[in-house]
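One structure below.
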Amino acid sequence: MSRRSMWLVFCVTIVSLACYSRAARNPYGRWLAQAIDTIESQYIEPVDTEKLFEGAMRGMVGRLDDYSSFLPRQMKTFFDEALEQQYGGVGIEVNLTGTDDVKRLTVVSARIGGPAYEAGVLAGDEIVDIDDVNTERFTLDDGLKLLRGKPGTTVTLRVRRAGYDEPLEFKITRALIKIESVLGDVREKDGSWNYLLPGTDRIGYVRITSFGDLTVGEFADAMKWLSERHCRGLVIDLRNNPGGLLDAAHEICDLFLPSGSVIVTTRGRDARVRQEWRATGSGPYQDLPLVVLVNGQSASASEIVAACLQDHGRAKIVGERSFGKGTVQNLIPVEAGRSSLKLTIATYWRPSEKNIHRMSTSKDTDDWGVRPDADGVVALDPKEEVAWQEARRQRDGRSPPPGDANNDGVDTSDPLQFDSQLRRAVDELRLELDGPAAAKAA
């Protein structure tokens, strides 16, 4: 037996001994150790006990929810890289969608400027194959293992897209993805972002694509840029934002709220409050008019921000109902920290004491996620959503001249023309800033 195998069996034995004292309640730890030992000693071919251990862990966690998972060494690295806003891959966020029997990897967002984004992959695309490997029974871990890799290597994706009869194929070269999580409307010639919307009287526009280690600093820089230009009102765009770090969401909310305002609480399965986050009152933008954009792919930390600002009356919410992913995952070290167990241990609750999470038994009429305000609902059909994302993708890549149009004839020089949800958000701000006459005239 190799030294690594001996060490693994030793660790499992220690765990089983700890479980043994509680055998009357939970004998399964001892039985698991016995199974690994039996397979290792009696199976017809040599086995890698580390893979047996990983398989057992993944099997157990796979019986839970879509967001709990076992992160072996490579996957733990992938997870850390995403939060650090740098990794090797194609630059997309994915989630599992579909029925309990058949779930597919679906693109939640394509990172602006990343290889997949430049190739034309869009949020909502359902990944059918990765390098000819069918994804029908994939877990999120399975997908990430194939999507990420060394910069310079290639991967081929076949995706199913609404409005197309046949899957689309994209051959993508992986790159080092340096995730820019806070974006503006269009880039200046020097590559920096312009955070003011054209054709408006100093209305700011900031997109947050995820919440990582650098997001708060990036957002603060954007707000400083806007303040120097006397921004009168702000649209925060959280559409297609899959979430990320709670601390980043909390700190961004803190910029806009008075002291003592509840930002979010977490509750365990006993429904009791475990943790509570409140505003410090030190935020410099407590009086700045706000509108927040969300859609069906806005999840987790993005829902925390939208729900908090909505409940405190600090922002109008425009767009479509959010995803409803309001669960808290703890990273529990395994194998002396070489791998991790990502375990759902609580749910996020709004300041209004409503659960953000959409449970498996939840109905559309139940309170979950974030709903737009009554006058802020702007639904896009699949074709409209694809057209908006494609126009935005082209605008992100360059500063189009007035009247410029893409291949579908959509004017990309003015985001208010191709983005009806953004147009409604600006109308709401104009109404608050200048009154009904100004909003109507616009």
Side-chain angles (χ1 to χ4, degrees), residues 64-68 79 83 181-182 208 210-220 223 234 236 238 241-288 290 292 294 298-317 321-333 340-362 366-373:
L64 303 176
D65 62 297
D66 288 341
Y67 307 108
S68 295
F79 186 83
L83 293 181
S181 63
V182 176
I208 306 177
S210 66
F211 292 86
D213 287 336
L214 307 179
T215 302
V216 174
E218 292 176 2
F219 189 82
M223 294 304 300
L234 176 66
I236 301 176
L238 299 178
N241 182 322
L245 296 176
L246 171 60
D247 285 346
H250 157 235
E251 290 183 46
I252 285 174
C253 287
D254 195 26
L255 296 172
F256 301 102
L257 296 172
S259 178
S261 302
V262 174
I263 292 173
V264 67
T265 60
T266 64
R267 304 188 187 200
R269 60 184 175 186
D270 58 2
R272 294 182 179 179
V273 174
R274 289 191 172 199
Q275 290 180 288
E276 181 179 75
W277 286 261
R278 289 181 178 267
T280 63
S282 60
Y285 308 111
Q286 296 180 37
D287 298 319
L288 182 68
L290 301 173
V292 175
V294 296
S298 303
S300 191
S302 61
E303 294 177 285
I304 290 173
V305 172
C308 171
L309 296 178
Q310 183 181 47
D311 284 354
H312 288 295
R314 277 296 289 115
K316 282 268 193 178
I317 307 299
R321 192 181 197 178
S322 64
F323 186 82
K325 193 277 184 183
T327 53
V328 184
Q329 282 77 42
N330 263 6
L331 281 180
I332 302 168
S340 294
L341 177 63
K342 188 172 71 163
L343 187 67
T344 299
I345 53 95
T347 51
Y348 292 122
W349 289 63
R350 304 170 60 131
S352 59
E353 299 192 346
K354 294 179 180 179
N355 193 350
I356 290 175
H357 192 61
R358 175 179 54 180
M359 301 295 185
S360 59
T361 56
S362 295
D366 294 337
D367 281 323
W368 52 263
V370 180
R371 295 177 186 271
D373 290 284

Are the side chains of [X] and [Y] in touch, meaning some heavy atoms are under 4.5 Å apart?
X	Y	answer
Leu64	Thr344	no
Leu309	Leu257	yes
Gln310	Asp373	yes

Residues passing the salt bridge (charged side-chain N to carboxylate O under 4.0 Å, His left out) test with Asp66, sequence neighbours excluded, are Lys103
With sequence neighbours excluded, tell me which residues meet salt bridge (charged side-chain N to carboxylate O under 4.0 Å, His left out) with Asp367.
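Checked Asp367 against salt bridge (charged side-chain N to carboxylate O under 4.0 Å, His left out); matches are Lys354.
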Judged by atom type as modelled, is there a donor-acceptor pair below 3.5 Å linking the side chain of [X] to the main-chain atoms of [Y]?
X	Y	answer
Glu218	Ser181	yes
Asn241	Ile208	yes
His312	Val262	yes
Arg350	Trp368	no
Ser298	Ser322	no
Ser261	Pro258	yes

When rounded to the nearest 0.5 angstrom, what distance separates [atom1] in [X] from [atom2] in [Y]?
X	Y	atom1	atom2	value
Thr215	Glu251	OG1	CD	10.0 Å
Glu303	Cys308	CD	SG	13.5 Å
Asp366	Arg358	CG	CZ	11.5 Å
Glu353	Arg267	CD	CZ	5.0 Å
Thr266	Glu276	OG1	CD	9.5 Å
Ile236	Leu234	CD1	CG	5.0 Å

Can you tell me which residue among Ile304, Val370, Thr347, Thr327 is in a side-chain contact (heavy atoms from CB on, under 4.5 Å) with Ile356?
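Going through Ile304, Val370, Thr347, Thr327 one by one, the side-chain contact (heavy atoms from CB on, under 4.5 Å) with Ile356 is satisfied by Ile304 alone.
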Check the angle between the aromatic planes of Phe256 and Tyr285 and answer parallel, tilted or perpendicular using the 30° and 60° thresholds.
tilted
